[in-house]
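I have placed the structure first, in the form of structure tokens, so that the comments after it can refer back to it.
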Amino acid sequence: MTETLDQIEPDLTQCDREPIHIPGSIQPHGFMLVLDLQSLTIRQGAGLIEDLTGRSIWIGRSVGEVLGDVADRRIRSMAALQETGFVCRWRATNRLEYDVVVHLAPGPTPGLPSGLMIIEVEQSSQQARLGVDLVSSLDAAGAALERAVTVHGLCERAAEAFRRLTGFDRVMIYRFQDDEAGQVVAESRADGTGSFLNHHFPATDIPRQARALYLRNPVRVIPDSRYTPQPLRPTTPGETPLDMSDSGLRSVSPVHLQYLRNMDVRASASVSIIVDDALWGLVACHNASPKLLPFELRVGCTTLARNLARQLKAKGDAELYRDRTRLRRLEDQLVARLPTDRPLAAALAERADPLMELAGADGLAIVSEGEIRTFGHTPPTEGVRVIADWVAERPGLRPVSSRALSTVLPQARAWTTHGSGLLAVNLPLEHPLSILWFRAEVRETVRWAGNPAMAEKTDPNATLNPRASFESWSEEVAGQARRWGPAAIESAGRLRDTLADFAAIDQLRRLNRSLQTSLSERDLRLEQQHYLIREVNHRVQNSLTLVSSFLGLQAREQTDGPAVAALNEARRRVRAVSAVHSLLYRGDTATTVDMARYIGGLVEDLASSMGADWAAATETDLAPVCIDAGRAVTIGLILTELIINAQKYAYGGRPGPLRIAFEEDGAIFRMTVEDEGAGGHLAGKGFGSMMIQSLVGQLEGVIDYRDRSPGLSVTLKARIDPLV
């Protein structure tokens, strides 16, 4: 929603307080009966009831006694069902036909019924016009409205269609403006009839309560403005006046009758144009001589007016849609081409021309941190500063718009030439930014139907008189710019939101660049670290290979059996450590080891070093469990010792079956080494056993030796992840 500052509430006048819904009388082209819904008898009436019905006594009578059985049956049925509308045609004593129409009288409390039904008997057209003729003419008129391209063309066709339907001398399409004044935007008239096309009428010509009734009762008819009102009778002192808001016969304000006489209008009719439940305007019909608009034509006028309202909404929505689509495209292009390598205010300044095109502005100002950048035709810098400060003080984040800025900001009178119109948005960023669009003053001559200053006296104690002159009166309007359309105001609001997002994204982009710089530095350090790791790995592997080769060389040179065995055991231990180191270097992670790969490689290396027969006799069942590298080295050393023990004690150095399993059990891993040898080689006090016990202690695990007879099963259990 937009904060629009041009709509100034008019002062309440005496005319606005006139109770036109309870006039206490009717027009004489028919008569009225007020029916009590409980007793279904007549309580009040107005008009020439006795003359037209031939009944001198009608108070307390039933409808059938006054209007006949046909009307009585229909009205009783409608009263039971609370229905309203047309009842029937009825012939009066003067041999003329009348239309009988009923509606429920509003109660004094809104929303609650009054218990009364109003029966209106009004003169019909006296023509044997077929319904199909009326429907056909309405269909032709509706088709003509649909063919109109613009709203103005639609109004012109509507004026022609209503004049053909009603037969009035002059039919005007009267549109309400923002300040509730009206303008005749289209007109159809007979030759010799005066014109009010493009004339303005002050808001006081149609007071508030009259506009409220136009919303409620869409057709208002005055067949002869020189009529004599027919009072409602009988009346009781202190009785609540009858609410005639929905009555077609309701008498008209004497002020309005004099108003029509001053315009030389004898008969008039008004049809409401209601768009989105708001009074868009009126179809105003004037005739120089008395003219009846019977019920059937009033229904036709209502139907045609609704068709007109739908077409107005459809064409207005279509024009608004086209504007919105065009502006959205401009918004997207504008934001997409904003430079991202500089502050937002500077980036917007580079796109000043598209920004002005977006709002259809004559000038643009971008205000940020006290710096003002102006483009096109704008007030002077000091004036822009004053306006920007005033805009910044407005509550909320909605766009601020005005076509007459000087009426809400008196200081702006000095800058009306280039700053009569203002559309502005504030961006609540880390460094607040305001965008101000300006429109230049457009001086125009407004033609009024009479001097609006003489429309009505504002003294509440003064005699209420309608204005007498409707001669064309011109007024020079200054200090106003072209109106800001709803699409432009919406676009400014969307742009504010988009730029706020753009600024947030730009801030994230800067943070990302800073983070990217940090990551690049980190990657450089990691690359350096990896280089060092490669160097260290190369040196460690060379050293371990050198030690292993030296141990192998020493073993080959020895002839003593125990010395050879000891050297080979030492060599296997070195190779176990080397295998873990190699896996850590080649693996995807630098902290954990896949035990299936590690144990598989270690067993294969150990078995091959012990001979082909050992390799053939060794079986593995290994689950892919990832374990911390340090714990993996310890497990590898334990496994090496267990394999060495099996070689030495189970089979006396000869090859034999050897099964190695590694599995996961929740948070625990289980490693098992089984043989089918002589058995009896349980944990002892030798170097190997002491080494195993020490390593198991490092894992905070347990090791179990079980004699299988034959063979031995050794099981190591420990946590996969160490306790912290």
Side-chain angles (χ1 to χ4, degrees), residues 19-80 82-108 113-124 213 217 220-224 227-254 292 294-295 298:
I20 60 176
H21 64 297
I22 49 172
S25 61
I26 66 170
Q27 300 180 64
H29 58 283
F31 65 86
M32 175 184 290
L33 301 174
V34 181
L35 186 69
D36 188 305
L37 286 176
Q38 289 187 343
S39 63
L40 293 178
T41 57
I42 299 170
R43 288 181 48 178
Q44 287 179 295
L48 303 177
I49 302 173
E50 294 85 356
D51 294 343
L52 296 176
T53 65
R55 300 282 183 176
S56 58
I57 300 175
W58 45 270
I59 295 293
R61 304 292 184 178
S62 68
V63 175
E65 295 179 81
V66 178
L67 299 179
D69 293 339
V70 174
D72 183 61
R73 286 194 301 271
R74 180 63 179 145
I75 290 175
R76 285 178 180 272
S77 174
M78 296 176 74
Q82 301 285 290
E83 290 181 344
T84 61
F86 179 77
V87 176
C88 63
R89 281 281 175 91
W90 174 80
R91 188 177 294 275
T93 57
N94 60 5
R95 312 303 297 169
L96 296 178
E97 286 191 337
Y98 286 74
D99 294 321
V100 180
V101 182
V102 302
H103 59 87
L104 300 176
S114 64
L116 302 176
M117 176 179 276
I118 296 178
I119 304 172
E120 297 187 89
V121 184
E122 53 181 304
Q123 187 175 334
S124 69
L213 284 180
N217 194 354
R220 189 79 182 97
V221 180
I222 305 174
D224 189 350
Y227 74 87
T228 300
Q230 302 294 305
L232 192 66
R233 50 196 169 94
T235 58
T236 304
E239 182 182 31
T240 301
L242 180 66
D243 189 335
M244 298 185 185
S245 296
D246 301 321
S247 173
L249 290 173
R250 173 172 52 87
S251 191
V252 185
S253 165
L292 189 69
F295 179 77
R298 295 208 303 273

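The basis for the numbers below is simple: all heavy atoms, side chains too, and nothing from hydrogens, waters or symmetry mates.
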Heavy-atom check, side chain of Ile118 versus side chain of Asp246, under 4.5 Å | no
Report, as yes or no, whether the 6.0 Å neighbourhood of atom CD on Glu239 holds more than 12 heavy atoms from other residues, nucleotides or ligands.
-> yes
Validation row: Val100, Ile119 side chains within 4.5 angstrom (heavy atoms) = yes
Nearest heavy-atom neighbours spanning Ile49 and Ala46 = CD1-N, 3.5 Å
Which atom names give the shortest non-hydrogen contact between Phe31 and Leu48, and what distance separates them?
-> CB-N, 4.1 Å
With side-chain contact (heavy atoms from CB on, under 4.5 Å) as the test, would you mind laying out the steps for Arg76 and Ser62 before giving the verdict?
-> CA-CA 10 Å; Arg76 285 178 180 272; Ser62 68; 4.2 Å; yes
Are Thr235 and Gln44 side-chain neighbours, meaning at least one heavy-atom pair lies under 4.5 Å?
-> yes
Under 3.5 Å donor-acceptor, Gln27 side chain and Val221 backbone = yes
Flag side-chain contact, heavy atom, 4.5 Å: Arg220 against Val252 | yes
Donor on one side chain, acceptor on other, Glu50 and Trp58, under 3.5 Å | yes
Out of Met78, Arg74, Glu120, which one pairs with Val102 under the side-chain contact (heavy atoms from CB on, under 4.5 Å) rule?
-> Met78
Side-chain heavy-atom pair Leu33, Val63 within 4.5 angstrom cut-off = no
Find the distance between CG (Leu242) and CD1 (Ile22) and round it off to the nearest 0.5 Å.
-> 9.5 Å
Check: Val66 main-chain N/O paired with Thr53 side-chain donor or acceptor under 3.5 Å = no
Under a 4.5 Å cut-off applied to non-hydrogen side-chain atoms, are Thr93 and Asp51 in contact?
-> no
Ile26 versus Leu232: any side-chain heavy-atom pair under 4.5 Å?
-> no
Are Arg250 and Leu213 side-chain neighbours, meaning at least one heavy-atom pair lies under 4.5 Å?
-> yes
Should we count CZ of Arg43 as having more than 12 external heavy atoms under 6.0 Å?
-> no
Salt bridge (charged side-chain N to carboxylate O under 4.0 Å, His left out) involving Arg73 - partner list, sequence neighbours excluded | none
Heavy-atom donor-acceptor pair, Ser114 side chain to Ala105 backbone, under 3.5 Å = yes
Quick one: do Leu249 and Gln230 satisfy side-chain contact (heavy atoms from CB on, under 4.5 Å)? Show the steps, please.
-> CA-CA 10 Å; Leu249 290 173; Gln230 302 294 305; over 6 Å; no
Heavy-atom closest pair (Ala79 atom, Leu40 atom, distance to 0.1 Å) is CB-CD2, 4.1 Å
